[in-house]
Amino acid sequence: SESLTVSELAKKLAKEPSEIIKKLMALGVMATINQELDKETIELIASDYNVEVEEEIIIDVTEFENYENNDKEEDLSVRPPVVTIMGHVDHGKTTLLDSIRNTKVTASEAGGITQHIGAYQIEDKGKKITFLDTPGHAAFTTMRARGAQVTDITILVVAADDGVMPQTVEAINHAKAAEVPIIVAVNKMDKEAANPDRVMQELTEHALIPEDWGGDTIFVNVSAIKGEGIDDLIEMIQLVAEVEELKANPNRSAQGTVIEAQLDKGRGSVATLLVQNGTLNIGDPIVVGNTFGRVRAMVNDLGRRVKVAGPSTPVEITGLNDVPQAGDQFMVFTDEKKARQIGEARSKKQMEAQRKESSKLNLEDLFNQI
Ligand code: GDP
Ligand code: MG
């Protein structure tokens with residue numbers, strides 16, 4: 001900061017406060033131990049001890065927390081939608097994700113696929129879609145609990161032979177709370193017992209009314225296992241994305257959210273980031289939650305090394321000093337020193353909070369024992 005008290009200055013110079021007060025008196029300044037000294041006076045005293053005053057950089061941690069999308073309209077361009085698949089257990093979420101991925105992998109990419117980074121992108125008629133393949137519910141609850149909103153569209157998978165189940169309702173509630181549009185995929189249409197009308201009927205009770213019945217919810221009948229209806233589903237995702245007018249500014253430093261992260265024996269901290277605005281580059285100084293570093297390497301969902309990652313792109317990075325948590329925000333800084341300072345300040349803050357929390361627990365334990 002710009003000023004110091006007499007005692008703070010004494011401490012920094014490793015002198016007794018009384019000695020500093022004497023020096024100040026000699027300069028005609030009558031000061032008490034708690035008196036604030038201005039920059040000039042500090043420099044004068046310090047130079048007397050042959051100490052050069054280096055200005056401290058004020059660490060503005062709030063710059064990280066208060067990230068604003070202050071982009072001008074003319075700087076924005078269309079970005080791919082980020083889609084999460086939710087639904088009751090065994091209704092076919094994983095099978096549907098695999099089916100979508102497999103149908104849309106181009107011949108040149110085939111063979112090199114199935115790198116698991118927690119998210120993947122497909123391209124259909126020149127337009128990309130990003131799918132998060134972290135379990136939908138976990139993605140919603142942990143990420144939203146951390147204040148992150150990563151999903152643009154939710155696909156609600158309901159098995160046509162089973163209908164609406166408890167986790168179906170839970171998924172609807174998550175999507176509604178997050179104000180994310182829902183597309184219903186009525187799955188397992190290949191099954192003898194498939195009854196899509198019953199699914200529609202049951203969902204109307206949760207205010208998801210099909211377009212055919214005068215509502216505005218899109219229903220698509222699919223068989224994830226046979227790959228049927230997948231093209232229709234993708235078309236509907238593109239349609240909803242267009243309506244949502246999803247945009248970002250690719251020409252700024254990147255910001256986004258951690259999808260997943262872990263410690264890798266060989267590579268150290270490995271994190272899958274979803275770029276939500278801006279473009280991430282190799283070498284960027286970055287703060288990720290309470291961790292920091294420089295983007296050392298980036299790998300895409302096909303396992304290929306990439307140098308840049310634009311809006312809505314999931315990418316796995318290395319180069320962080322520690323492992324961040326899913327749902328953490330990340331932000332690129334132009335200055336590496338600043339990224340380090342902010343990262344360290346945030347990690348210190350978190351450690352202090354944890355220490356307080358654990359000492360509180362210890363006290364409670366103590367009282368419980370009494
Ligand atoms: P999740 O728990 O929602 O991820 O469900 P899974 O994708 O693991 O699927 C659960 C079971 O349903 C598996 O045995 C799948 O093979 C099966 N399954 C998924 N989709 C279909 C489908 O379209 N038709 C049929 N007949 N079975 C399916
Ligand atoms: Mg699954």
Side-chain angles (χ1 to χ4, degrees), residues 81-103 114 116-120 122 129-146 148-208 210 217-230 232-234 236-237 259-262 272 274 301 314 325-327:
V82 179
V83 179
T84 314
I85 299 194
M86 296 172 95
H88 196 72
V89 65
D90 283 345
H91 279 199
K93 298 180 293 292
T94 304
T95 311
L96 184 62
L97 270 164
D98 290 347
S99 182
I100 292 168
R101 190 171 191 176
N102 293 336
T103 43
T114 61
H116 179 86
I117 67 163
Y120 68 78
I122 61 153
I129 303 174
T130 303
F131 289 90
L132 299 187
D133 70 3
T134 44
H137 299 256
F140 257 86
T141 46
T142 60
M143 296 210 186
R144 290 199 65 238
R146 302 178 75 79
Q149 169 106 342
V150 291
T151 310
D152 299 308
I153 298 167
T154 288
I155 306 294
L156 180 68
V157 179
V158 187
D161 61 338
D162 204 21
V164 172
M165 298 300 277
Q167 284 171 293
T168 315
V169 178
E170 198 182 290
I172 295 169
N173 292 336
H174 282 313
K176 279 188 180 162
E179 294 177 13
V180 174
I182 296 171
I183 296 173
V184 180
V186 182
N187 190 31
K188 307 199 186 184
M189 285 298 290
D190 59 286
K191 280 200 158 183
E192 193 104 22
N195 188 350
D197 279 347
R198 196 188 100 198
V199 174
M200 286 199 260
Q201 189 63 55
E202 286 170 352
L203 283 175
T204 53
E205 286 161 34
H206 299 277
L208 295 178
T217 303
I218 297 169
F219 281 68
V220 184
N221 289 346
V222 300
S223 166
I225 221 155
K226 296 203 160 175
E228 286 165 10
I230 305 299
D232 291 342
L233 182 61
I234 290 167
M236 290 306 141
I237 295 169
I259 301 301
E260 56 180 44
Q262 66 272 330
T272 297
L274 175 70
D301 56 327
Q325 284 182 277

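A donor-acceptor pair under 3.5 Å is absent between the side-chain atoms of Tyr120 and the main chain of Pro314, judged by distance alone. Put simply, the side chain of Thr103 gets close to the backbone of Ser99: a donor and an acceptor are under 3.5 Å apart. Side chain of Glu202 to backbone of Val164: a donor-acceptor contact under 3.5 angstrom is found.
When side chains are defined from C-beta on, Ile182 counts as touching Leu208, because their heavy atoms get closer than 4.5 Å. Counting heavy atoms from C-beta on, the side chains of Arg101 and Asp98 never come closer than 4.5 Å. Here the side chains of Leu156 and Thr168 are in contact, with some heavy-atom distance below 4.5 Å. In this structure the side chain of Met86 never reaches within 4.5 angstrom of the side chain of Ile155, judged on heavy atoms. Contact of the Leu132 side chain with the Val83 side chain is not registered, since no non-hydrogen atoms from C-beta on lie closer than 4.5 Å. Counting heavy atoms from C-beta on, the side chains of Pro81 and Ile237 come closer than 4.5 Å. Looking at heavy atoms from C-beta onward, Val220 lies out of side-chain contact with Val186 at the 4.5 angstrom threshold. Within the 4.5 Å cutoff, side-chain heavy atoms of Ile100 are placed close to those of Ile122.
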- Task: Under the side chain to side chain contact (heavy atoms under 4.5 Å, CB included) rule, what do Thr84 and Ile153 come out as? Steps first, then yes or no, please.
- Result: CA-CA 7 Å; Thr84 314; Ile153 298 167; over 6 Å; no
- Message: For a side chain to side chain contact (heavy atoms under 4.5 Å, CB included) check, start with the C-alpha distance between Val222 and Met189, then their side-chain angles and the critical distance, and finish with the verdict.
- Response: CA-CA 6 Å; Val222 300; Met189 285 298 290; 5.9 Å; no
- Would you please test His88 and Asp162 for side-chain hydrogen bond (donor to acceptor under 3.5 Å, both in side chains) and show each step? CA-CA 10 Å; His88 196 72; Asp162 204 21; 5.4 Å; no
- Pair Glu170-Asn173, side chain to side chain contact (heavy atoms under 4.5 Å, CB included): steps then yes or no: CA-CA 5 Å; Glu170 198 182 290; Asn173 292 336; 5.6 Å; no
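Considering all non-hydrogen atoms of both residues, Ala175 and Thr154 come closest at CB-OG1, 4.1 Å. Nearest heavy-atom pair, Met200 versus Pro210, reported as atom, atom and distance to 0.1 Å: SD-CG, 3.4 Å. Smallest separation of non-hydrogen atoms from Ala207 and Lys176: CB-NZ, 3.8 Å. For the residue pair Gly87 and Ala171, the shortest heavy atom distance occurs at N-CB, 4.2 Å. Looking at every heavy atom in both residues, Val89 comes nearest to Gln167 through N-OE1, 3.2 Å. Scanning all heavy atoms of the two residues, the minimum distance from Gly163 to His91 falls at O-CE1, 3.1 Å.
Among Ile129, Val180, Leu274, the one residue that satisfies the side-chain contact (heavy atoms from CB on, under 4.5 Å) test with Val82 is Leu274.
Listed by first then second residue, pairs satisfying side-chain hydrogen bond (donor to acceptor under 3.5 Å, both in side chains) with a partner in residues 178-191 read Asp161-Lys191, Asp190-Ser223, not counting sequence neighbours.
Separation of atoms CG (Leu233) and CD1 (Ile218) is listed at 10.0 Å; rounding is to 0.5 Å. Residue Thr95 holds its OG1 atom at 14.0 Å from NZ of Lys226, rounded to the nearest 0.5 Å.
With sequence neighbours left out, the side chain to side chain donor-acceptor pair (under 3.5 Å) criterion links Thr130 to Gln121.
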